[in-house]
Q: 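A single structure is presented below for examination.
Within every chain, numbering begins at 1; the chains are lettered A, B, ... in the order of the sequence lines, protein sequences first and strands thereafter.
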Protein chains: 2
Amino acid sequence: MPHLAFPNSTCDGFRCATHCSVRPLAICGELEQLEHEEFERLAQHVRYGPKEALFSEDEVADAVYSLVEGIARLYKLLPDGRRQIIGFALPGDFLGMAPSPRYSFSADSIGGVTVCKFFRGPFLRFIENRPQMLLRMNEFATRELSLAQDQMLLLGRRSAEEKVAAFLVGWRDRLARLEGVTKTVSLPMGRQDIADFLGLTIETVSRTFTKLEREKLIVIVPDGVRVLDPKRFDALAAA
Amino acid sequence: MPHLAFPNSTCDGFRCATHCSVRPLAICGELEQLEHEEFERLAQHVRYGPKEALFSEDEVADAVYSLVEGIARLYKLLPDGRRQIIGFALPGDFLGMAPSPRYSFSADSIGGVTVCKFFRGPFLRFIENRPQMLLRMNEFATRELSLAQDQMLLLGRRSAEEKVAAFLVGWRDRLARLEGVTKTVSLPMGRQDIADFLGLTIETVSRTFTKLEREKLIVIVPDGVRVLDPKRFDALAAA
DNA sequence: GCGCGGCCTTGATCTGTGTCAAGCAGTCTT
DNA sequence: AAGACTGCTTGACACAGATCAAGGCCGCGC
């Protein structure tokens, strides 16, 4: 179970530095000093270990989260256990808004995760008369929606090979926003997670990685892949 | 090509009555009299005939739309022509927000369609200092996102029969919000549209309709279906 | 009233991906 | 260092849904 790291979040060295490193990307990125301090007073900084639930589908949605560090998987389940991962959340991402009083999906940590947690009431009261903040939330929601629509195209109309290639390209580009451009794409999630994200089985994902390696497009390395031929690779992902 | 119906949209009888009938559901539903009049002055009411484009992917996104009447299909294409319909828009729906300066998908009318069209600049200026309006846009975006996530689960993890059943139930429930509850679900879109929405081929959709009819769950009627056994049907759609 | 075109259905066959089963490679435990 | 656990890969086979092909229905124009 999660423990509160520093509920009264005055800036206290290492952890706050970590926190602030994603601020420009986060929901609170455009608040000025004074407002940000007020906003911070609403936050609980919470740390989760590997594979802990942040929240679960159908629970009362009493909090929203700004991801500070680590990676979370967001997913929905069918009654018989089939799972669809609807996204991977990275630092700066904002989680937990729902169109009903309950969460519409579940979220749990992959490795360790740190979040700013806000209770719904105080959070809504803070934003409700701050157009800047509301505009930013709109930007976030619009970006998420667009990502979701790309994923629908992928799930509905692409082959297994195209799915895997598009996933790697999309993931590489999202990481680039955080860590800069690299040739090696780190994959902190397991094969089963990738399968459940792409609407495939773990065997098909594994075979497809192998196939891409045989075709000299990638090299599989521990916890990631190295892209050998970005040109050809991007083409495969787009088509 | 579309023609302007009444660009200077003072209330003028029939058409405005039509318009206002969806107001409570639309983006402008919570504006008071005076503000709404100001908002209306920004709008162009535009009517489209069947199968006309409202806007297309990659075009400069210079306007947003509130759908007043009719039904639109929203879709994305792959370079080779494969199509994924990402949603059907109904009266009250709000279209055209994009995370970049260009539209991220295409929209065209199915039958005839009437919209309120707003140019981006004036629209943004109107909402930017109106928290009520921004909150409402957030609600709309959040609901859209949740719908998109449901659709990801459907596309990635459901069988053809489950897809068709879930589609009919979801569509029936959306229509119910507008027209009230009915046994007969009208389907203004063609089989190919349904196929492209569900990530199937037209043949599989057709066969699945026939199968559901053989199993006495539905009856196929012109431009729609009648649901015979809502209990059993909802169960199939959920599982 | 007849022919044409669009849309839908049905049948036969093919194939990409799922399923089932086995084995391998690290890593952790003791 | 042996065992076992977890995650990944590989192979053989099955099947849901795609593809290819034909035919039916209905509204529309002439």
Q: Between D/dT19, C/dT19, D/dT9, which nucleotide gets closest to the side-chain atoms of A/I202?
A: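 Closest nucleotide to the A/I202 side chain: D/dT9.
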Q: Can you list the stems that include DNA chain C, where a stem is three or more consecutive Watson-Crick or G-U pairs with distances under 3.5 Å?
A: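 Stems for DNA chain C, defined as runs of 3 or more consecutive pairs: C:1-30 with D:1-30.
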Q: Using the side-chain heavy atoms of A/T204, tell me which of these nucleotides is nearest: C/dG18, C/dC8, D/dT9.
A: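 Between C/dG18, C/dC8, D/dT9, the one nearest the side chain of A/T204 would be C/dG18.
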Q: Report yes or no: is there a donor-acceptor pair, N or O only, under 3.5 Å between the side chain of A/R207 and the base of C/dG18?
A: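 Answer is no: no donor-acceptor pair is held.
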Q: Go through it in stages, so that I can follow the logic: the residues are A/D196 and A/R73, the test is salt bridge (Lys or Arg N to Asp or Glu O under 4.0 Å), and I'd like the CA-CA distance, side-chain angles, deciding distance and then a yes or no.
A: CA-CA 11 Å; A/D196 286 347; A/R73 67 181 154 235; over 6 Å; no
Q: Starting at CZ of B/R191 and ending at P of C/dG6, how long is that distance when rounded to a whole Å?
A: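 Rounding to the nearest Å, CZ of B/R191 and P of C/dG6 are 18 Å apart.
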Q: Which heavy atom of B/S109 sits nearest to which heavy atom of B/V113, and what is that distance?
A: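 Between these two residues, the closest heavy atoms are CB-CG2, 3.6 Å.
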Q: Side chain of B/K163, backbone of B/L198: donor and acceptor closer than 3.5 Å?
A: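 Between the backbone of B/L198 and the side chain of B/K163 there is a qualifying donor-acceptor contact (under 3.5 Å).
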Q: What is the distance, to the nearest angstrom, from the CZ atom on A/F209 to the P atom on D/dG7?
A: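 One finds 16 Å between P of D/dG7 and CZ of A/F209, rounded.
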Q: For this output row, return yes or no: ring centroids of A/F105 and A/F55 closer than 6.0 angstrom.
A: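 Yes.
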Q: DNA chain C: A/S159 or B/M189, which has the more 5' nearest nucleotide?
A: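 Result of the comparison: B/M189.
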Q: Using a cut-off of strictly less than 4.0 Å, decide whether B/S206 has a side-chain nitrogen or oxygen near OP1 or OP2 of C/dT9.
A: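 B/S206 to C/dT9 OP1/OP2: side-chain N or O found under 4.0 Å.
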Q: Considering heavy-atom distances to DNA chain D, does A/R157 or A/G190 have its closest nucleotide positioned more toward the 5' end?
A: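 Residue closer to the 5' terminus by nearest nucleotide: A/G190.
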Q: When the distance from CD of A/E213 to P of D/dT9 is rounded to whole Å, what number comes out?
A: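 So the CD-P distance, A/E213 to D/dT9, works out to 9 Å.
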Q: Tell whether A/Q192 reaches the base of D/dC8 with its side chain through a donor-acceptor pair below 3.5 angstrom.
A: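 Absent.
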Q: Applying side-chain contact (heavy atoms from CB on, under 4.5 Å), run through B/R158 and A/L78 and close with a yes or a no.
A: CA-CA 9 Å; B/R158 294 176 116 108; A/L78 288 171; 3.5 Å; yes
Q: Taking OP1 and OP2 of C/dT9, is either one under 4.0 Å from a side-chain nitrogen or oxygen of B/T210?
A: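 No, because none of the side-chain N or O atoms of B/T210 sits under 4.0 Å from OP1 or OP2 of C/dT9.
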Q: Would you check if the distance from the ring center of A/F94 to the ring center of A/Y65 is below 6.0 Å?
A: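 No; A/Y65 has its ring centre 6.0 Å or more from that of A/F94.
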Q: In whole Å, what is the span from the CD1 atom of A/I220 to the P atom of C/dA25?
A: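 Result: 14 Å.
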Q: To the nearest angstrom, how far is A/K163 atom NZ from C/dG16 atom P?
A: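 Between P of C/dG16 and NZ of A/K163: 14 Å.
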Q: Please determine whether salt bridge (Lys or Arg N to Asp or Glu O under 4.0 Å) holds for the pair B/K117 and B/D62, giving the CA-CA distance in whole Å, both sets of side-chain angles, and the decisive distance to 0.1 Å.
A: CA-CA 10 Å; B/K117 175 175 177 173; B/D62 60 351; 5.6 Å; no
Q: How many Å lie between CG on B/D196 and P on C/dC7, as a whole number?
A: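 The distance from CG of B/D196 to P of C/dC7 comes to 13 Å, rounded to the nearest Å.
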Q: Between the side-chain atoms of A/E203 and the base atoms of C/dC20, is any donor-acceptor pair under 3.5 Å?
A: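 Indeed there is one.
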Q: At less than 3.5 Å, do the side-chain atoms of A/R214 and the base atoms of D/dT9 form a donor-acceptor pair?
A: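 Absent.
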Q: Measure CG/B/L200 against C1'/C/dC8 and give the value in whole Å, please.
A: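 Atom-to-atom, B/L200 to C/dC8, this comes out as 16 Å.
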Q: Given salt bridge (Lys or Arg N to Asp or Glu O under 4.0 Å), test A/R232 with A/E215 step by step and report yes or no.
A: CA-CA 11 Å; A/R232 213 149 55 92; A/E215 292 168 351; over 6 Å; no
Q: Nearest whole Å is fine: how far is D/dG17 C1' from A/R158 CZ?
A: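 Distance, rounded to whole Å: 20 Å.
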